[in-house]
Enquirer: 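Quick one: the structure is below, and I'll ask about it shortly.
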Amino acid sequence: MLMKRNGILFIYIRAFLLFIAIPILVINVLLNNEYKSVVLKNYTENVTQSLEQIRLGLEEEVKRTKLAMSVIANSRDLTDLLIEWNNEKDSIKRFEISRTIEKQLDYLFNYSEDIISLVFFFNDHDVYFYHSNPKSPASIRKKEWVSIANQNEDSAINLGYIKTLSNNKYITNVLASVIKPKTHAFSKNIELIYLEVDSIMFNSIRQQQRSGNKRYVIDSQGKIIIEPSNAFNGKYLNEVEELSHLQLNVSNNLNNLKNSLRHDYYVSKVYSKKLDWYIIDVIPIENITNSIRRIIYIFYPIFIIILFLFTIYIFMHYKQIIIPIKKLAGMMKRVKEHNLDVLSDVSGPEEIQELSTTFNDMMKSINTLIIQRDEKERLRNEEEIKALQAQINPHFIYNTLNTIKLMAMMIKANNIKNTLDSFMKVIELTFKKQETMLSVNEEINYLKAYVSIMKVRYGDFFDLAFTVEGNADKCSLMKMLVQPFVENAIIHGINEKQDGIISVSFTIEDDFLIIQIEDNGIGMTNEEINNLLHKQKENKGGLNAFGISNVKKRIELTYGSPYSVEITSELGEYTRVLIRLPKIFNIGGDSNG
């Protein structure tokens with residue numbers, strides 16, 4: 001369907017876009033952005049609270065571990081038993097002492113199942129372990145944290161979440177601490193105490209991983225203490241591709257970053273000042289905004305459905321309203337082109353049917369008015385013709401009677417009789433017949449009678465010749481149509497000219513009756529011809545009070561176009577009048593025009 005810029009269809013679509021489609025899309029974008037902000041804010045608050053809880057739990061757990069190490073290192077009874085065990089050479093007595101040590105440690109740790117391994121290193125390289133023995137005691141002394149412990153005597157050092165040194169195959173990573181006891185007489189044989197604990201908080205961190213998110217514990221040097229898979233524990237951030245973009249010196253707010261895989265992530269982090277650790281949560285943005293995408297996935301089908309329904313509505317609207325309106329507009333154009341027989345058969349809604357009915361009523365009224373107008377015009381023309389026929393010039397009657405008087409004075413009885421006969425014929429044809437049409441023969445007889453009077457009046461200096469060709473004598477024409485032209489030729493064309501000839505011919509050409517009146521008189525200029533045809537001037541000296549312009553008007557009113565009067569002339573040579581009428585045969589004959 002074609003859509004014009006100012007058409008109804010264009011207006012409807014523009015209204016739909018401006019007031020429905022665009023507002024819905026804008027509102028959707030704004031609501032999505034607002035909802036996204038709310039979702040991100042809520043996620044930030046929730047994850048921050050969770051990370052704070054983890055931070056507090058870790059700090060408490062490390063605090064308990066370090067406290068336990070301090071208690072062990074400063075327990076005089078336990079230290080004496082350990083030294084006794086280290087100095088005893090008898091294996092049986094050593095076993096008995098170890099049983100006593102274990103009981104005391106069980107008491108100190110309240111039989112806690114979190115203890116993985118407790119190892120006491122002696123200066124003589126002897127080792128006492130509690131719960132689980134280390135894989136290679138000698139290798140432990142080579143660890144970098146041993147020198148750190150030696151430099152911080154009597155201070156428990158937290159080693160973080162490291163790979164276990166015990167032989168327990170079910171344990172992989174543990175929370176470890178180490179302490180070098182302060183040198184006393186009662187503890188001088190103990191070089192180092194090493195403790196491994198199964199961290200509740202670290203296990204909780206691994207178990208708290210949400211859908212798609214990952215949580216890390218990283219020290220201030222960027223070393224990974226714990227991560228979900230345990231594959232990167234002990235490595236630094238720049239050694240792990242997916243973590244290389246993390247920045248530890250940013251605020252604890254939610255941060256957006258792009259990693260090397262070109263995915264957007266949100267990072268939340270909490271810093272523990274006591275532990276000098278960062279607890280970090282990393283999650284893809286799309287995981288947070290899943291609910292927003294679900295809303296979008298719901299919205300766009302709804303929008304498409306609305307668009308589809310609107311398209312159906314437009315189609316129905318186009319079919320029921322626009323097409324009928326276009327049909328009505330086409331009918332109006334046909335009326336504009338003078339086709340008045342148009343009637344609307346357009347159907348549609350009530351308003352369209354009302355328009356169609358109104359259009360038909362209007363056309364019927366127009367046709368009725370035209371018929372009435374034509375009838376009034378016809379009656380007016382008939383009355384005008386009757387009035388013209390009745391308007392015999394008083395001067396003509398006076399002159400004619402005066403002529404008769406003169407003839408009588410001269411006692412020329414025959415001439416008087418002939419003149420009276422001719423005058424009677426003119427009067428008879430003019431007033432007696434009620435018809436507005438005459439046959440060609442009747443018109444010729446009328447002209448002959450009229451000319452005989454004019455010869456008596458003006459003299460016998462001209463002749464009138466008639467020519468009838470073909471079936472022209474069977475045609476009819478308005479009466480008194482040719483007489484004004486003959487009269488004009490006598491009075492103005494060949495008056496007092498010797499051997500004046502006026503020829504009148506009637507011929508048929510196609511569907512036209514052609515009447516030609518020609519004289520060999522003095523001729524006329526173009527200006528005179530124009531005045532004769534278009535200016536109504538009372539003819540006081542002729543038979544009728546109105547002249548040739550009135551004849552032209554009668555022809556146009558009665559017959560319409562292309563019927564007309566044409567006058568051509570050459571000064572001193574001739575004047576030729578060409579009258580074109582429809583070919584109308586007498587009653588009883590054929591009509592072809």
Enquirer: When you check the gap from the basic side-chain N to the acidic O, do Glu102 and Arg99 get nearer than 4.0 Å?
Expert: no
Enquirer: Please report the closest heavy-atom contact between Pro181 and Glu153, naming both atoms and the distance.
Expert: O-OE2, 3.5 Å
Enquirer: Given side-chain contact (heavy atoms from CB on, under 4.5 Å), test Val197 with Leu195 step by step and report yes or no.
Expert: CA-CA 7 Å; Val197 178; Leu195 175 64; 3.9 Å; yes
Enquirer: Find out whether Leu81 and Asp77 are in side-chain contact, i.e. whether some heavy atom of one side chain is under 4.5 Å from a heavy atom of the other.
Expert: no
Enquirer: Contact between Gln372 and Thr368 at the side-chain level, heavy atoms closer than 4.5 Å - yes or no?
Expert: yes
Enquirer: Quick check: do Tyr194 and Val127 have side-chain heavy atoms less than 4.5 Å from each other?
Expert: no
Enquirer: Determine whether the side chains of Asp276 and Tyr271 contain a donor N or O and an acceptor N or O closer than 3.5 Å.
Expert: yes
Enquirer: Return the minimal non-hydrogen interatomic distance between Thr48 and Thr44, and the atom names on each side.
Expert: OG1-O, 2.5 Å
Enquirer: Are the side chain of Arg215 and the backbone N or O of Asp281 linked by a donor-acceptor pair below 3.5 Å?
Expert: no
Enquirer: Restricting to salt bridge (Lys or Arg N to Asp or Glu O under 4.0 Å), what partner residues turn up for Glu556, sequence neighbours left out?
Expert: Lys552
Enquirer: Can any side-chain N or O of Asp90 pair as donor or acceptor with the backbone N or O of Lys93 at less than 3.5 Å?
Expert: yes
Enquirer: Got a sec, which residues hit side-chain contact (heavy atoms from CB on, under 4.5 Å) with Asn530, two or more places apart in sequence or on another chain?
Expert: His534
Enquirer: More than 12 heavy atoms of other residues, nucleotides or ligands under 6.0 Å from CD of Glu354: is that the case?
Expert: no
Enquirer: Which pair of heavy atoms, one from Met363 and one from Val342, lies closest together, and at what distance?
Expert: CG-O, 3.6 Å
Enquirer: Is any side-chain heavy atom of Tyr563 closer than 4.5 Å to a side-chain heavy atom of Phe512?
Expert: yes
Enquirer: Quick one, Val119 and Leu192 - any side-chain contact, counting heavy atoms below 4.5 Å?
Expert: no
Enquirer: To the nearest 0.5 Å, tell me how far Lys223 NZ sits from Ile218 CD1.
Expert: 12.5 Å
Enquirer: Taking Glu61's backbone N and O only, do any of them form a donor-acceptor pair with Thr65's side chain (distance below 3.5 Å, no angle check)?
Expert: yes
Enquirer: Report the distance from atom OH of Tyr128 to atom OH of Tyr130, rounding to the nearest 0.5 Å.
Expert: 8.5 Å
Enquirer: How many angstroms lie between atom CD1 of Ile366 and atom CG of Asp361, to the nearest 0.5 angstrom?
Expert: 11.0 Å
Enquirer: Considering all heavy atoms of both residues, which atom of Asp219 and which atom of Tyr278 are nearest to each other, and what is their separation?
Expert: O-CD1, 4.2 Å
Enquirer: I'd like to know if the side chain of Ser50 and the backbone of Asn46 have a donor-acceptor N/O pair within less than 3.5 Å.
Expert: no
Enquirer: Could you go through the side-chain contact (heavy atoms from CB on, under 4.5 Å) check for Phe121 and Val146 one step at a time?
Expert: CA-CA 11 Å; Phe121 294 91; Val146 173; over 6 Å; no
Enquirer: If I compare all heavy atoms of Ile115 with all of His131, which pair ends up nearest, and what's the gap?
Expert: O-ND1, 3.0 Å
Enquirer: May I ask you to test the Ile101-Leu82 pair for a side-chain heavy-atom distance under 4.5 Å?
Expert: yes
Enquirer: I would like to know whether Ser344 and Leu328 meet side-chain contact (heavy atoms from CB on, under 4.5 Å); could you show each step before the answer?
Expert: CA-CA 7 Å; Ser344 171; Leu328 282 173; 3.5 Å; yes
Enquirer: Considering all heavy atoms of both residues, which atom of Asn150 and which atom of Lys180 are nearest to each other, and what is their separation?
Expert: OD1-CD, 3.2 Å
Enquirer: Name all residues meeting the side-chain contact (heavy atoms from CB on, under 4.5 Å) criterion together with Glu60; count only those two or more places apart in sequence or in a different chain, and write none if there are none.
Expert: Lys63, Arg64
Enquirer: Salt bridge between Lys333 and Glu337, side-chain N to carboxylate O under 4.0 Å?
Expert: no
Enquirer: Within a reach of under 6.0 Å around CD1 of Ile92, are more than 12 heavy atoms found that belong to other residues, nucleotides or ligands?
Expert: no
Enquirer: Could you tell me the separation between the CG atom of Asp126 and the CD atom of Glu191, rounded to the nearest 0.5 Å?
Expert: 11.5 Å
Enquirer: How many angstroms lie between atom CG of Asn87 and atom CG of Asn189, to the nearest 0.5 angstrom?
Expert: 5.5 Å
Enquirer: Rounded to the nearest 0.5 Å, what separates atom NZ in Lys269 from atom CZ in Arg55?
Expert: 15.5 Å
Enquirer: Using the side-chain contact (heavy atoms from CB on, under 4.5 Å) rule, take Ile157 and Trp145 through it: C-alpha gap first, then chi angles, then the decisive distance, then the call.
Expert: CA-CA 8 Å; Ile157 305 299; Trp145 40 263; 5.6 Å; no
Enquirer: Is there a side-chain contact between Ser272 and Leu58 in this structure, where contact means two heavy atoms from C-beta onward sitting under 4.5 Å apart?
Expert: no
Enquirer: For the pair Ser356 (side chain) and Gln353 (backbone), establish whether a donor and an acceptor sit closer than 3.5 Å, ignoring hydrogens and angles.
Expert: no
Enquirer: Could you tell me if the side chain of Met332 sits less than 4.5 Å from the side chain of Phe359, heavy atoms only?
Expert: yes
Enquirer: Would you find a donor on one side and an acceptor on the other, under 3.5 Å apart, between the side chain of Ser75 and the backbone of Ile72?
Expert: no
